[in-house]
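Letters A, B, ... mirror the listed sequences (proteins, then strands); counts begin at 1.
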Protein chains: 2
Amino acid sequence: MANPNVKEATKVDSESFRHVLKDIDTFIFDADGVLWLGEEVMPGSPDFIDYLLNLKKTIIVLTNNATKSRAVYAKKLAKLGYNPQLENNVVNPAAVVADLLNRSGIKKTNKKVYLIGSQGVIDELDNLGIEYFGTGPDPISRQHDTRPFIYDLELDEEIKDVGAVVVGYEKYFNYHKLMKAANYIAQDESCIFIATNTDETCPGPDPDTVIPDAGPIVAAVQCACGREPIVVGKPHTPAFDYICHRWNINPDRTMMIGDRTNTDVKFGRDHGLRTMLVLSGCHQVEDIVDNQVNERWDMVPEFYADCLGALVPDRKTA
Amino acid sequence: MANPNVKEATKVDSESFRHVLKDIDTFIFDADGVLWLGEEVMPGSPDFIDYLLNLKKTIIVLTNNATKSRAVYAKKLAKLGYNPQLENNVVNPAAVVADLLNRSGIKKTNKKVYLIGSQGVIDELDNLGIEYFGTGPDPISRQHDTRPFIYDLELDEEIKDVGAVVVGYEKYFNYHKLMKAANYIAQDESCIFIATNTDETCPGPDPDTVIPDAGPIVAAVQCACGREPIVVGKPHTPAFDYICHRWNINPDRTMMIGDRTNTDVKFGRDHGLRTMLVLSGCHQVEDIVDNQVNERWDMVPEFYADCLGALVPDRKTA
């Protein structure tokens, strides 16, 4: 782990950041709360990205949102005014899931993936020609059956034909899907169980409204089948392996910048990267302090800043 | 806790059980795997109950299944040939939930209960005149909305009118119900969050089929709302409090008999009761040994027996 003894988070501004910058070759950015907020660009962030690109830094965008494919994210970045160089450097759990399944050799076995997930995973599986089924509305069958429990499950595919179950956010999640996923996983030890991410909730336009993300859905399937999934999203390792594999980064000279201590900062700390929290999204200085009090050093960043825009040098000093 | 030093489980038969019997006034029985198996009576169990009733023992039946009301269980016991005296002595999580809500004073506040649950809870809430809503099919609205997340929730009742959320097994559970439950709980600190039980799966006619019980549904809601529920079923305390309140038992002279170490035996151990595992249902001697190896003494019974029928004295020796 890089800098394991750094326990105080240091606030940086455009001036002090210039000294940090010379030790970093690659920057990995979280998206929501860092590059954008919902559908709006985060003011100043495109300028900061340009500043780093001018210095020949490698930029990777790593989101935990698996509902959209990398192609959709690339379009969004362009629309919000980001440098076109970013468009091929987006990583999301959907891409990592597809890559993981592809490398597991699932295509050679002719087995399919049972998918609880959204368009992002569908698109990435399509990209690699991996067969899947299960997404979309799945009405509870036998609604006329007055017995409280569903004893006889009508599986869409036989247990032996399902090589993996992928669970992520899907608004059509229901008891039937829960039961199918649990049975495919529990009845075949060799069936791979992958979760896109385990975020409990996702941010929305109304801060009071709880929008359950993939976490609760994964928790339900895990509880029913009694097996732990491979979790792909931050702070877990598959996304890191994917990045290493594709960009051959040097962790000592790579910085993870995000707005969450429990996903972004922890991802960086757990994989030996330098870390920075920006206060333009979810977590604030109080959260850093809480993590220090609780001795959760894996969630205390090395640096923090108000936002990316605050790190862009003034023209006169640049 | 009764007999904290008893770490070895002792096998009993009809002869040795006679010596245990004289120290016990009240027996609490689990139902499935003990008194019946699915829809069939457990052979010998009705005779054992008659034997205890003849000795003037108090008999209580405590199930973790909240899908049926106590009245339905009473009918089932009668149909399977059990002594009619049992019929008023059935306790299930549905009854405990209704009692808990009633004693919380929810009726005086004119607030309602948002219910993810089955007929058992419905009947018990009706018995006590507690208002509820939410059960049954709840189609995801705005299926034409192409946005992956549901941002604007259409709540059936306003947050301020919901005094409690009760979560148990319901085959119509879906993402919409998850989101509603999470919002009622998270948006009002005073909203009571109760889970009927947290069994991961329930037994069914096909041992290979995983039938998710309330546990996965509770896990999903808990993950989304970030609050822990009051869990009513075994091994938790509300069911014990309910029994103490109604029968005024002496824990030292009460024995819990069930087929599961993690619910029945743990319930007994955690509340200072004597304990016995019967091997006619879920857990076996290997499970007791595993618990001993893992030093989970709270899940090691004081006694075990093949089944209740094995404890009935032969006519000639009785």
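There is no side-chain donor-acceptor pair under 3.5 Å between B:N197 and B:Y169.
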ask   = Are B:Y114 and B:Y132 close enough, and set up right, to give a ring pair (Phe, Tyr, Trp, His ring centres under 6.0 Å), and what steps lead you there?
value = CA-CA 6 Å; B:Y114 180 67; B:Y132 56 86; over 10 Å; no
request  = Evaluate the side chain to side chain donor-acceptor pair (under 3.5 Å) criterion for residues B:T261 and B:N291: first the C-alpha distance (whole Å), next the side-chain angles of each, then the deciding distance (0.1 Å), finally the verdict.
outcome  = CA-CA 9 Å; B:T261 61; B:N291 292 336; 3.2 Å; yes
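Closest heavy-atom contact between A:L115 and A:E170: O-OE1, 4.0 Å.
Taking 4.5 Å as the limit, every side-chain heavy atom of B:H236 sits out of range of all side-chain heavy atoms of B:I230.
For a residue to count as touching a neighbouring chain, one of its non-hydrogen atoms must lie under 4.5 Å from one of that chain's; by this rule A:T201 touches chain B with the side chain only. Neither the backbone nor the side chain of A:Q119 has a heavy atom closer than 4.5 Å to any heavy atom of chain B. Using a 4.5 Å cut-off between heavy atoms, A:D206 does not touch chain B at all.
Contact count versus chain A (heavy atoms, under 4.5 Å) is highest, among B:G226, B:C225, B:P212, B:G215, for B:P212. Most heavy-atom pairs under 4.5 Å with chain B: of the set A:A182, A:C223, A:C202, this distinction falls to A:C223. Between chain B and the residues A:N183, A:V221, A:I159, the largest count of heavy-atom pairs under 4.5 Å involves A:N183.
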